[in-house]
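This report concerns only the one structure given below.
Model, not experiment: these values are computed from the prediction.
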Amino acid sequence: MSTKETKVVDQDYAAMPVPRFARRRFLTMFMIMLGFTFFSASMWTGQQLGDSLDLSGFVGALLLGGVILGAYTGALAYVGAKTGLSLDLLAQHSFGAKGSWLPSALISLTQIGWFGVGVAMFALPVAKLIDPNNTWLPYLLVAVAGVCMMGSAFFGIKAMTIVSYISVPLIAVLGITAMAMAIEGGGVPLAEKFAEHQGMSVITGAGLVIGSFVSGGTATPNFARFGRSARQAVIVTLIAFFLGNSLMFCFGAVSGVYVGGNDIFEVMIALNLTAFAILVLGLNIWTTNDNALYSAGLGLANITKFPKKPMVLLSGVLGTVTAIWLYNNFVGWLNILNCTLPPVGAILVLGYFCHKEEYEQWDVIKQQVNWFAIAGVILGAVVANLVSWGIASINGMVVACLCYLIGEAVGKAKKG
């Protein structure tokens, strides 16, 4: 198949590296990645941080957590842009052709789950605002939001770019304006408001910062592979993850200390900016949800070998139909599943740096299952969920890396 034919058939390059002619400029990559980090559930974490830390502790947690999360996603961005491969194609090298089904299944399950939760996060508060006694309105809004968010993911990176170019500036400007208005009209300086709520350590707060988006961050190669260079992809990812996440945490914290909510939506409602509140809430969730669905579609395509687009539709339908149930019953389980993904990302990066030469022949996979990589994810997830000391995500990554390196040593010993 020629390059021209490939471009027409699949502009998202789900089953091959992104060719050089299809790579994107800095601003486009920045908008995509920043929109990805505009994750409404991160505001829940922001409220928790605002309720439990003073202002200096809040800033310290953001800085420490942001640096660690940035290092993790930056490393994944480097590997994604350097190889042009998606998370799932990278996993074929480090986990094996069939072993890659585990990370693909984990990323698909978590992203479908968060997609559904995100749809409900839009539909439920908006329905309550419009007509709190209407029992069918939440389901109607779920359907409308699900179809819209599914649409941009279905049409791929070009449609997602358009959504990001529209949404990112609006969210940033309107959100920051509302936050500033809340602080100015609150009657109490920000430092004093934060000082009313203490009891959490900076390390614990940093762990929450990392955990809030580490599952989504694991999918970074799916988007960074469109970067024109590894350097560009890393810079874009570092800036986007630090700025985007920090902004969401600030929105949640300010909402919590000034209006008792966990979302900039509630701040805007309190300021009588209802139309802007609905707009920002919808766009904020959309920019993350289409990225989540895109990653889920790539993951299912790797497992089933069906094209990405029908897998995106399947993921979107599942997430939309179960949205309210997921919101009410599954958030706790999603947080547990989040701990399985940092070990995946750590092994993807380690696998690349241990075997760079193999990635030049991207379609030659030398093993079916790397059991040490599989064990790394399982043991890493167990440690991350059960060990209370330190930061859960880092604990899981350390265990996963050790398992993978043991496998490397065993492999070399057999060859020797």
Side-chain angles (χ1 to χ4, degrees), residues 9-16 18 32 35-36 39 41 85-92 95 97-123 138-163 215-216 218-223 225 282 285-331 333-334 337-338 340-341 344:
V9 171
D10 182 13
Q11 296 179 345
D12 290 295
Y13 308 99
M16 63 178 289
V18 177
I32 292 171
F36 186 33
F39 183 41
L85 299 176
S86 67
L87 176 152
D88 306 282
L89 296 183
L90 290 170
Q92 289 185 12
F95 287 83
K98 292 182 178 177
S100 68
W101 296 352
L102 175 63
S104 291
L106 291 173
I107 198 74
S108 297
L109 181 60
T110 53
Q111 297 310 293
I112 291 171
W114 282 120
F115 173 85
V117 171
V119 170
M121 285 177 65
F122 170 77
Y139 296 96
L140 175 62
L141 292 175
V142 161
V144 172
V147 169
C148 290
M149 296 171 189
M150 204 187 311
S152 57
F154 176 82
F155 289 109
I157 200 73
K158 286 189 174 181
M160 290 157 58
T161 300
I162 294 170
V163 171
S215 64
T218 303
T220 295
N222 290 339
F223 313 105
R225 65 197 174 111
I285 292 170
W286 194 338
T287 56
T288 303
N289 262 13
D290 58 3
N291 283 264
L293 212 54
Y294 182 85
S295 293
L298 289 174
L300 292 180
N302 180 50
I303 296 170
T304 64
K305 306 309 175 187
F306 287 119
K308 176 193 71 77
K309 284 188 174 183
M311 293 299 98
V312 167
L313 288 180
L314 175 63
S315 302
V317 170
L318 286 173
T320 302
V321 169
T322 60
I324 294 177
W325 180 86
L326 288 168
Y327 181 86
N328 291 327
N329 298 281
F330 205 57
V331 172
W333 286 105
L334 284 170
L337 287 170
N338 281 351
T340 66
L341 292 176
V344 169

Working to the nearest 0.5 Å, report the span between [atom1] of [X] and [atom2] of [Y].
X: Lys309; Y: Phe155; atom1: NZ; atom2: CZ; result: 6.5 Å
X: Leu298; Y: Ile303; atom1: CG; atom2: CD1; result: 11.5 Å
X: Thr322; Y: Asn328; atom1: OG1; atom2: CG; result: 11.5 Å
X: Trp101; Y: Gln92; atom1: CH2; atom2: CD; result: 10.5 Å
X: Leu90; Y: Leu85; atom1: CG; atom2: CG; result: 5.0 Å
X: Thr287; Y: Phe36; atom1: OG1; atom2: CZ; result: 10.0 Å

Using side-chain heavy atoms (C-beta onward) and a distance below 4.5 Å, is [X] in contact with [Y]?
X: Leu87; Y: Thr218; result: yes
X: Pro103; Y: Phe95; result: yes
X: Val147; Y: Thr320; result: no
X: Gln11; Y: Ile157; result: no
X: Trp286; Y: Phe122; result: no
X: Tyr13; Y: Ser86; result: no

Closest heavy-atom contact between [X] and [Y]?
X: Asn302; Y: Ser100; value: ND2-OG, 3.1 Å
X: Val119; Y: Met149; value: CG2-SD, 4.0 Å
X: Ala296; Y: Ser108; value: O-OG, 3.2 Å
X: Tyr139; Y: Ile324; value: CE2-CD1, 3.5 Å
X: Val142; Y: Ala323; value: CG1-CB, 3.9 Å
X: Asn289; Y: Phe115; value: ND2-O, 3.0 Å

With distance as the sole test, does Thr110 use its side chain to make a donor-acceptor pair with the main-chain N or O of Ile107 at under 3.5 Å?
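Yes, the answer is positive, given that a donor and an acceptor are paired below the 3.5 Å cut-off.
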Evaluate Phe306 against Leu300 for side chain to side chain contact (heavy atoms under 4.5 Å, CB included), listing each step before the verdict.
CA-CA 8 Å; Phe306 287 119; Leu300 292 180; over 6 Å; no
Where at least one partner belongs to residues 293-308, residue pairs that pass salt bridge (charged side-chain N to carboxylate O under 4.0 Å, His left out), sequence neighbours excluded
Asp12-Lys308
